[in-house]
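Shown next, in structure tokens, is the structure this report addresses.
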Number of protein chains: 2
Amino acid sequence: MFEESGLPLYKSLYEKLRRQIEEGIYRSGDLLPSENELSALYGLARSTVRNALDRLVNDGFIVKQQGRGSIVKGKAKGVGILSLKSTSSALGGNLSTRLIVKPEIRSWKEAFGYTISQNERDAGCIYFERLRLINNRPVFFDITMLPNINLPRFTMHKLENASLFDLLRTAYQIEVTGGVQHLYALKANKELQEYFQVKAGHPVLQLNRKIETNRPGMHIYSKVFCNTQEYALFGTF
Amino acid sequence: MFEESGLPLYKSLYEKLRRQIEEGIYRSGDLLPSENELSALYGLARSTVRNALDRLVNDGFIVKQQGRGSIVKGKAKGVGILSLKSTSSALGGNLSTRLIVKPEIRSWKEAFGYTISQNERDAGCIYFERLRLINNRPVFFDITMLPNINLPRFTMHKLENASLFDLLRTAYQIEVTGGVQHLYALKANKELQEYFQVKAGHPVLQLNRKIETNRPGMHIYSKVFCNTQEYALFGTF
DNA sequence: AATTATTACTTGTATATACAAGTTTTTTAG
DNA sequence: CTAAAAAACTTGTATATACAAGTAATAATT
């Protein structure tokens with residue numbers, strides 16, 4: 001079944017099930033086929049199936065219950081805090097992104113207070129700024145920096161919506177393994193007042209993150225400002 | 001070695017290694033004994049050792065590197081956002097907690113906008129409020145609510161520092177499995193102005209959380225206000 | 001018909017084995 | 001002494017097997 005993909009068997013099964021959940025083939029509350037059924041279906045040992053399911057549990061796609069089965073949750077865990085959600089109504093397809101600074105190669109200046117390694121400094125910095133709008137109203141302003149290590153044609157990709165981590169995972173096999181984050185509440189400065197169309201003194205949420213990946217020594221540095229008046233910064237963990 | 005504990009073997013090993021890391025027997029950067037060594041040391045199959053190590057990886061205590069070994073990180077992942085850290089200097093032993101409302105049994109009114117199940121409603125609500133001070137200056141004010149299900153003598157325990165989750169894990173075998181959180185920046189109201197000793201208009205960070213546990217249907221509801229002027233809300237993930 | 005006991009099915013725990021892939025140390029060759 | 005090759009480690013992937021523990025469906029009993 002999975003022979004020619006080059007990926008490990010458990011990873012192929014993980015991606016297949018993940019895709020099926022994201023495409024709605026399995027819906028929230030559904031039971032996945034049992035471990036023995038998946039084992040027979042794809043000709044894998046039960047341990048291999050369990051390895052794939054363990055990762056789906058870790059990523060928040062399913063929960064398991066002894067005696068019952070694997071229950072689909074339907075949505076992935078966020079990366080720390082990343083996802084966003086309306087405080088009032090469901091967030092439809094009204095999310096848009098405006099690139100303030102298109103992805104470009106720079107030299108490193110600073111990384112929001114986090115320390116960067118010599119490797120990262122030598123590689124140079126991919127830098128971009130985005131303003132995100134919900135229903136055409138600006139809600140998030142974020143700055144992202146990452147080292148330019150083995151990322152051919154990165155600046156060619158569109159960086160819209162929340163696709164950065166999907167792009168890194170599917171195109172470069174880079175996965176997020178963890179990180180640290182710092183949160184502040186502050187008053188909007190002039191730049192943010194302009195971006196968010198708010199008055200002086202308006203409270204704004206600031207989120208700084210240093211994100212670890214499965215590439216040793218490669219981190220993603222991110223700074224997000226959020227106008228939480230109508231929309232909250234939302235996350236699952 | 002672990003026969004009489006009643007716990008599964010992999011869990012006993014997990015707890016043992018976790019304890020050793022937290023007590024500083026293994027320091028950050030150290031290598032744990034290899035899987036084969038642990039296997040021989042405690043008379044366990046390598047799979048069982050790997051099960052324990054996988055959990056240590058998930059909890060952020062170690063990272064593994066193929067060909068090298070299991071490298072100790074030394075600090076656990078926070079529960080979503082929970083830990084706190086000074087923005088200027090290292091946080092010494094100067095953290096103290098003042099119980100504003102001692103743990104008491106109430107009936108449920110609301111749960112910070114989150115929906116609670118009928119089971120939880122029937123069980124009643126354990127409620128408490130805490131003010132946390134760093135160097136005798138108030139920084140966090142939090143309200144916690146959880147259903148009173150099979151928690152004998154809970155209100156007898158001291159709830160100081162960040163011990164709630166340790167208490168639940170060690171005394172009641174309750175572990176956090178995930179959750180959702182919402183973040184806002186807002187201006188301090190009169191109550192918070194008093195608690196934090198700040199002026200009107202001061203920006204304050206608010207964090208609402210619904211935390212899932214390994215007990216199906218049991219959640220912890222938490223609301224935290226934070227004065228981030230000197231200390232940031234800090235978390236690892 | 002309702003209750004109880006049994007059975008079948010589910011995930012959880014545990015062991016044993018084998019080889020692949022990556023890293024470090026040791027040995028060997030120059 | 002240096003550099004390459006080999007060996008001896010490490011974790012990663014994969015299979016096969018067995019029984020325990022929890023849940024759901026079925027059969028038996030009252």
Side-chain angles (χ1 to χ4, degrees), chain A residues 1-17 26 29-58 61-73 150 173 175 177 214-218, chain B residues 1-17 26 29-58 61-73 150 173 175 177 214-218:
Chain A
M1 183 71 201
F2 298 126
E3 289 81 2
E4 61 276 357
S5 67
L7 284 174
L9 298 175
Y10 77 87
K11 235 171 207 173
S12 299
L13 179 57
Y14 164 87
E15 290 290 352
K16 186 174 192 70
L17 293 172
Y26 296 113
D30 286 357
L31 288 178
L32 287 187
S34 76
E35 296 176 354
N36 284 323
E37 283 173 336
L38 289 170
S39 171
L41 244 172
Y42 299 111
L44 303 172
R46 193 182 150 213
S47 312
T48 306
V49 172
R50 280 181 69 79
N51 193 342
L53 293 182
D54 282 350
R55 279 152 213 269
L56 289 172
V57 170
N58 267 322
F61 287 103
I62 62 172
V63 290
K64 298 178 89 177
Q65 191 181 345
Q66 187 175 1
R68 272 193 69 195
S70 300
I71 304 146
V72 174
K73 277 176 115 175
N150 265 357
Q173 281 77 49
E175 288 173 43
T177 55
N214 56 350
R215 285 199 192 172
M218 178 176 183
Chain B
M1 184 71 200
F2 298 127
E3 289 81 3
E4 62 276 356
S5 67
L7 284 175
L9 298 175
Y10 78 86
K11 236 173 206 172
S12 299
L13 179 57
Y14 164 87
E15 290 289 350
K16 186 174 192 71
L17 293 172
Y26 296 113
D30 286 355
L31 289 177
L32 286 188
S34 75
E35 295 175 354
N36 284 324
E37 284 173 334
L38 289 170
S39 171
L41 244 171
Y42 300 110
L44 303 172
R46 192 180 152 216
S47 313
T48 307
V49 172
R50 280 181 67 81
N51 193 341
L53 293 182
D54 282 350
R55 278 152 214 271
L56 288 172
V57 170
N58 268 321
F61 288 103
I62 63 173
V63 290
K64 298 179 90 178
Q65 190 182 345
Q66 187 174 1
R68 272 194 68 197
S70 299
I71 303 144
V72 175
K73 277 176 115 174
N150 265 357
Q173 282 79 49
E175 287 172 43
T177 54
N214 56 350
R215 285 200 192 171
M218 178 174 181

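Per chain, numbering begins at 1; letters A, B, ... match sequence-line order. As a basis for the values below, the full set of heavy atoms in this structure was taken, side chains included, without hydrogen atoms, waters or symmetry mates.
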Closest approach of A:S12 to A:L7 (non-hydrogen atoms, all atoms of both residues): OG-CB, 3.7 Å
Return the angle between end axes of the helix from C:dA1-D:dT30 to C:dG30-D:dC1, with five pairs used per end and rounding to 10°. 10°
Measuring from A:L13:CG to A:L41:CG, what's the distance to the nearest 0.5 Å? 9.5 Å
Can you list the residues that meet the side chain to side chain contact (heavy atoms under 4.5 Å, CB included) rule with A:T48, with sequence neighbours excluded? A:L9, A:Y10, A:L44, A:A45
Taking side chain to side chain contact (heavy atoms under 4.5 Å, CB included) as the test, write out the residues that go with B:E37, two or more places apart. B:P33, B:S34
I'd like to know whether B:L53 forms a side chain to side chain contact (heavy atoms under 4.5 Å, CB included) with B:L32, so could you lay out the CA-CA distance, the side-chain angles of the two residues, the decisive distance to 0.1 Å, and finally the verdict. CA-CA 10 Å; B:L53 293 182; B:L32 286 188; 3.9 Å; yes
Tell me every residue that passes side chain to side chain donor-acceptor pair (under 3.5 Å) with B:N51, counting only those two or more places apart in sequence or in another chain. B:R55
For B:E37 and A:N51, find the nucleotide of DNA chain D closest to each by heavy atoms; which residue's nucleotide sits nearer the 5' end? B:E37
Got a sec, which residues hit side chain to side chain donor-acceptor pair (under 3.5 Å) with B:Y14, two or more places apart in sequence or on another chain? B:R18, B:D59
Counted 5' to 3', the first and last nucleotides of DNA chain C within 4.0 Å (strictly under) of a heavy-atom of chain A are C:dT10 to C:dT13
Using the salt bridge (Lys or Arg N to Asp or Glu O under 4.0 Å) rule, collect all pairs that involve residues 61-71 of chain A, keeping only residues at least two apart or in two chains. A:E35-A:K64
Between the protein and nucleotides 25-27 of chain D, list the N/O to N/O atom pairs that are separated by less than 3.5 angstrom.
none

What one should report as the nearest heavy-atom pair of B:S70 and B:I62 is CB-CD1, 4.0 Å
Interatomic distance, A:L56 atom CG to A:E15 atom CD [nearest 0.5 angstrom]: 9.5 Å
Toward the 5' end of DNA chain D, which comes first, B:L32 or B:S47, by nearest nucleotide? B:L32
Can you measure from CG (A:D30) to CD1 (A:I71) and round to the nearest 0.5 angstrom? 10.5 Å
Which protein N or O atoms sit under 3.5 Å from an N or O of nucleotides 21-23 of chain D?
from   : atom 1 : to    : atom 2 : distance (Å)
D:dA21 : N3     : A:Q66 : NE2    : 3.2
D:dG22 : N2     : A:G67 : O      : 3.4

